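To keep things clear, I will list the structure first and then write my remarks on it.
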Amino acid sequence: MKPISLISNTAEKSVVLSVVVPYFNEIDVLPEFHSRLTKVLDSIEDESEIVYVNDGSTDGSKELVESLPVSSSKVVSISLSRNFGKESAMSAGLEHCNGLAVILIDADLQDPPELIPSMIKEWRKGYDVVNMQRIKREGESWFKRKSAAMFYRLLNFLSKSDIPENVGDFRLLSRQVIDHINEMPERNRYMKGMFVWPGFKQTTIIFKRYARHSGQTKWNYFKLIGLAMDGITSFSISPLRIATVLGSLIAASAFVYGMAIVFKTLVFGVQTHGYASMMAVELALGGVQLLSIGLLGEYIGRIFIETKRRPLYIVQSINERSNVTNVQSTVMEKRA
Ligand code: UDP
Ligand code: MG
């Protein structure tokens with residue numbers, strides 16, 4: 001259920017562009033980010049709003065955002081009640097923005113705000129999704145680049161979808177696509193896949209992704225493996241099929257091997273040796289069984305999370321500031 005706004009909707013209707021910025025402890029970079037972003041937004045004709053989503057920051061980022069200077073665009077500050085993760089923070093932003101075109105951008109200046117006008121240009125040409133593909137991942141290790149490339153290849157192979165490689169969350173989405181994404185009920189939100197799923201007209205702009213302006217990435221390999229598992233299991237059931245096929249192949253070979261042993265015993269009599277081969281077979285079977293059970297568990301875990309139907313996030317407060325209307329601030333709570 002959408003929160004009931006205490007502010008009249010008339011002003012919001014005219015918003016053409018919303019820029020959604022999820023952030024978590026980005027106090028060092030937010031002032032620079034905001035000044036670069038507002039400079040770009042001031043230079044374009046369209047009515048715009050910046051929707052900052054505070055994903056449970058503990059470093060005073062929220063207070064900073066709510067004191068940032070307001071120029072031509074309305075500044076909305078949504079604060080979640082705790083850290084829900086970037087995917088949920090983005091969902092919160094997408095559900096609370098009003099623009100006809102929406103741009104998702106990271107706060108750490110890895111995605112240059114200066115590219116926004118060229119993204120809008122593509123949208124005006126009639127594209128619903130403008131993907132931003134990076135040519136170079138500056139400041140990222142060889143291992144991270146290689147593992148990311150392998151992941152996308154595996155994901156697209158398994159899910160038969162077309163999730164573009166090297167495209168992060170930085171992109172433009174039209175109102176039509178946003179409305180469809182907002183209607184998707186799943187709790188496991190693998191956004192990179194969800195942006196692609198509705199379809200519509202897509203285009204890609206290639207850009208150079210910079211190193212983080214300051215601060216640390218919020219991802220570690222453990223979290224990235226979790227995200228990769230989410231990506232694969234929420235967009236494909238191929239791993240289950242592979243487990244079934246693998247299981248059948250192994251069962252079939254075990255049967256053949258078993259027949260061979262019986263035949264050998266009948267012809268040549270009982271022989272005591274064979275410990276090594278027995279162990280090898282046993283271990284292989286055990287391994288495959290454990291792997292398959294783990295795989296089943298991954299899917300059951302997801303079913304478990306989906307059936308609880310908890311809200312994706314809880315909004316603690318919303319603060320809106322603009323130069324056109326008077327300073328207004330509201331506190332709302334999202335109830336599922
Ligand atoms: N972020 C967030 N919630 C989190 C983790 C990250 O809102 O739990 C924000 C973060 O502040 C930044 C963006 O998501 O604006 C991208 O995060 P990060 O730079 O850590 O990811 P990377 O660029 O390494 O993929
Ligand atoms: Mg980053």
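Keep in mind the model is a prediction, meaning the values are calculated, not measured. Just follow the structure's listing: the first ligand is 1, and inside any ligand the first atom is 1.
Of all atoms in ligand 1, listed by their number and element, those nearer than 4.0 Å to a heavy atom of N83 are 3 (N), 4 (C), 8 (O). The ligand atoms of ligand 1 that sit less than 4.0 angstrom from a heavy atom of F24 are 1 (N), 2 (C), 3 (N), 4 (C), 7 (O), 8 (O), 11 (O). Against a heavy-atom cut-off of under 4.0 Å, Y23 is close to the following atoms of ligand 1: 7 (O), 11 (O). For ligand 1, the atoms sitting less than 4.0 Å from at least one non-hydrogen atom of A107 are 15 (O), numbered in the order shown with element in parentheses. The D55 neighbourhood of ligand 1 comprises atoms 2 (C), 3 (N), 4 (C), 7 (O), 8 (O), with distances under 4.0 Å to a heavy atom of that residue.
A salt bridge is absent between R171 and D111; no separation between the charged side-chain nitrogens and carboxylate oxygens falls under 4.0 Å. Using a cut-off of 4.0 Å between Lys/Arg side-chain N and Asp/Glu carboxylate O, K86 and D169 are scored as salt-bridged.
Summary: OD2 is the N/O/S atom of D108 found nearest to the Mg ion (ligand 2).
Remark: the backbone N or O of L30 is not paired with any side-chain donor or acceptor of H34 at under 3.5 angstrom.
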Steps toward side-chain contact (heavy atoms from CB on, under 4.5 Å) verdict (I205, S118): CA-CA 9 Å; I205 295 180; S118 52; 4.2 Å; yes

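For Y127 and F200, the gap between ring centers reaches or exceeds 6.0 Å.
For ligand 1, the polar-atom distance check finds no N/O of A89 at less than 3.5 Å from any of the ligand's N/O atoms.
Using a 4.0 Å cut-off between heavy atoms, E26 contacts ligand 1 through its side chain alone, with no backbone atom that close.
Within the cation-pi definition used here (under 6.0 Å to the ring centroid, within 45° of the axis), R36 does not qualify as a partner of F33.
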